[in-house]
Peer 1: 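Shown below is the structure under consideration.
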Amino acid sequence: MMRDEDDLLAARLQHHRAAGLTQGAPIALPIITATTFHVPDHTKGGYSYARAASPTWDEVEVQLSLLEEAPVVAFPSGMAAISAALMATLSAGKRVILPRDGYYVTRVFGETFLKSFGVQVEYLPTADFEAADFTGVGVVLIETPSNPGLDVCDIAVVAARAHAAGALVIADNTTMTPLLQRPLDLGADLVVAADTKAPAGHSDVLFGHVAGRDADLMARVREWRRLSGAVPGSFEAWLVHRGIETLEVRLSRMCASAGVIAERLLGHPAVLAVRYPGLPGDPSHAVAARQMSGFGFLISFTLRDAVVAEKFLADCPFVAQATSFGSTHTSGERRARWGDAVPEGLIRLSVGCEPVEPLWAAMDAALRG
Ligand SMILES: *Cc1c(COP(=O)(O)O)cnc(C)c1O
């Protein structure tokens with residue numbers, strides 16, 4: 001499923017601290033909560049004050065940089081990372097295009113703040129980005145697969161069209177992680193992601209990051225963090241560091257199980273529709289197979305109506321009723337309850353690390369009511 005390079009990357013990830021260890025040093029990452037550091041000579045560099053840099057986030061940034069194969073700036077949440085990338089690239093009078101069917105808080109941020117700073121905020125469905133006219137656009141933000149509809153767009157095509165029009169491309173890669181999709185290799189200028197989801201992976205910490213290979217852009221993102229003060233806490237960074245050590249093994253299980261469950265949902269009499277990029281008949285399949293090295297762990301499927309969907313969620317003991325996704329436990333929710341423009345009976349399922357047969361048996365029993 002994953003590229004051979006990703007296997008090597010995942011192996012290196014387990015040992016990234018080795019080179020810096022001295023005799024007797026702890027193998028596991030220590031949590032350093034210090035906000036001020038010993039600075040007898042301010043001209044000599046090193047840590048000074050933790051709003052600029054802190055040893056515990058530095059370690060997560062090293063891990064994330066290994067994964068992204070690019071410099072990374074860590075943030076206290078996915079939204080802190082997304083807003084930083086937008087604030088670093090936009091200014092009054094510029095146009096930004098956001099996905100109409102993507103993470104809704106990004107749109108609310110655009111409506112509430114970007115517009116009030118004179119940015120023109122426009123929207124497109126994910127499936128329409130490939131053929132869009134980006135003339136006069138400053139920033140194009142894509143999210144593929146989109147969440148919760150699981151439409152995809154061809155990142156390389158969008159990036160080429162955007163660049164030809166002089167626009168920058170920001171890719172929200174939360175649903176995939178760098179182990180399943182590599183937007184920077186496909187031409188995106190910046191990647192933003194919520195490590196709150198699969199990378200941390202245990203539903204117990206908010207975190208995010210921005211990655212990019214353009215030094216000037218990344219310097220602006222880093223400066224935004226230092227000046228806005230949107231800095232991660234040391235304990236949160238430590239939890240993410242621990243989570244990332246098992247990311248590859250969790251993703252393997254989650255994606256393999258999702259493939260099995262998507263096939264079985266497709267053949268289930270209670271299920272009206274299934275979206276999963278790994279299904280050969282899915283509208284997203286061709287592009288997904290080309291640009292993703294795994295099909296992910298998110299499935300959306302539609303039951304008859306809101307009542308049937310809510311009953312399934314209430315009855316299935318192995319599907320946690322929660323928003324968010326990417327955790328060790330399978331979770332699901334009816335997205336229309338938040339006002340997403342989807343059928344009333346649509347459930348977004350995030351497949352977790354449970355062995356697949358008991359998970360499916362519980363789902364099947366709940367579907368049969
Ligand atoms: C969850 C999520 C975010 C926001 O992350 P937070 O850590 O909750 O701020 C952004 N984009 C996508 C696609 C997400 O799923």
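Counting convention: from 1, in listed order, for ligands and their atoms alike.
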Peer 1: Using the six-membered ring of Y103, assess whether NZ or CZ of K197 lies under 6.0 Å from its centre and within 45 degrees of the ring axis.
Peer 2: yes
Peer 1: Could you tell me the residue and atom name of the protein heavy atom closest to atom 8 (O) of ligand 1, and the distance to it rounded to 0.1 Å?
Peer 2: Y103 OH, 3.8 Å
Peer 1: What protein heavy atom sits nearest atom 14 (C) of ligand 1, and how far away is it?
Peer 2: K197 NZ, 2.9 Å
Peer 1: State plainly whether one hydrophobic cluster holds both V108 and L86, where clusters connect Ile, Leu, Val, Met, Phe, Trp and Tyr through side-chain heavy atoms under 4.5 angstrom apart.
Peer 2: yes
Peer 1: Do any heavy atoms of T175 fall under 4.0 Å from ligand 1?
Peer 2: no
Peer 1: I want to know whether Y276 and H285 have ring centres closer than 6.0 Å.
Peer 2: no
Peer 1: Mind checking whether I82 has an N or O less than 3.5 Å away from an N or O of ligand 1?
Peer 2: no
Peer 1: To the nearest 0.1 Å, how far is atom 6 (P) of ligand 1 from its closest protein heavy atom, and which atom is that?
Peer 2: G78 N, 3.4 Å
Peer 1: Between ligand 1 and M79, is the shortest N or O to N or O distance under 3.5 Å?
Peer 2: yes
Peer 1: Would you kindly confirm whether V210 and I82 end up in one hydrophobic cluster when ILVMFWY residues are joined by side chain heavy atoms under 4.5 Å apart?
Peer 2: yes
Peer 1: Hey, would you say the Y104 and F109 ring centroids sit under 6.0 Å apart?
Peer 2: no
Peer 1: Looking at atom 5 (O) of ligand 1, what's its closest protein heavy atom, distance included?
Peer 2: A194 CB, 3.1 Å
Peer 1: Would you mind listing which atoms of ligand 1 come within a distance below 4.0 Å of any non-hydrogen atom of N147?
Peer 2: 15 (O)
Peer 1: Only heavy atoms count here, so choose which of N173, D172, T196, V192 is nearest to atom 11 (N) of ligand 1.
Peer 2: D172
Peer 1: Okay, side chain of R17, backbone of P26: is any donor-acceptor separation there less than 3.5 Å?
Peer 2: yes
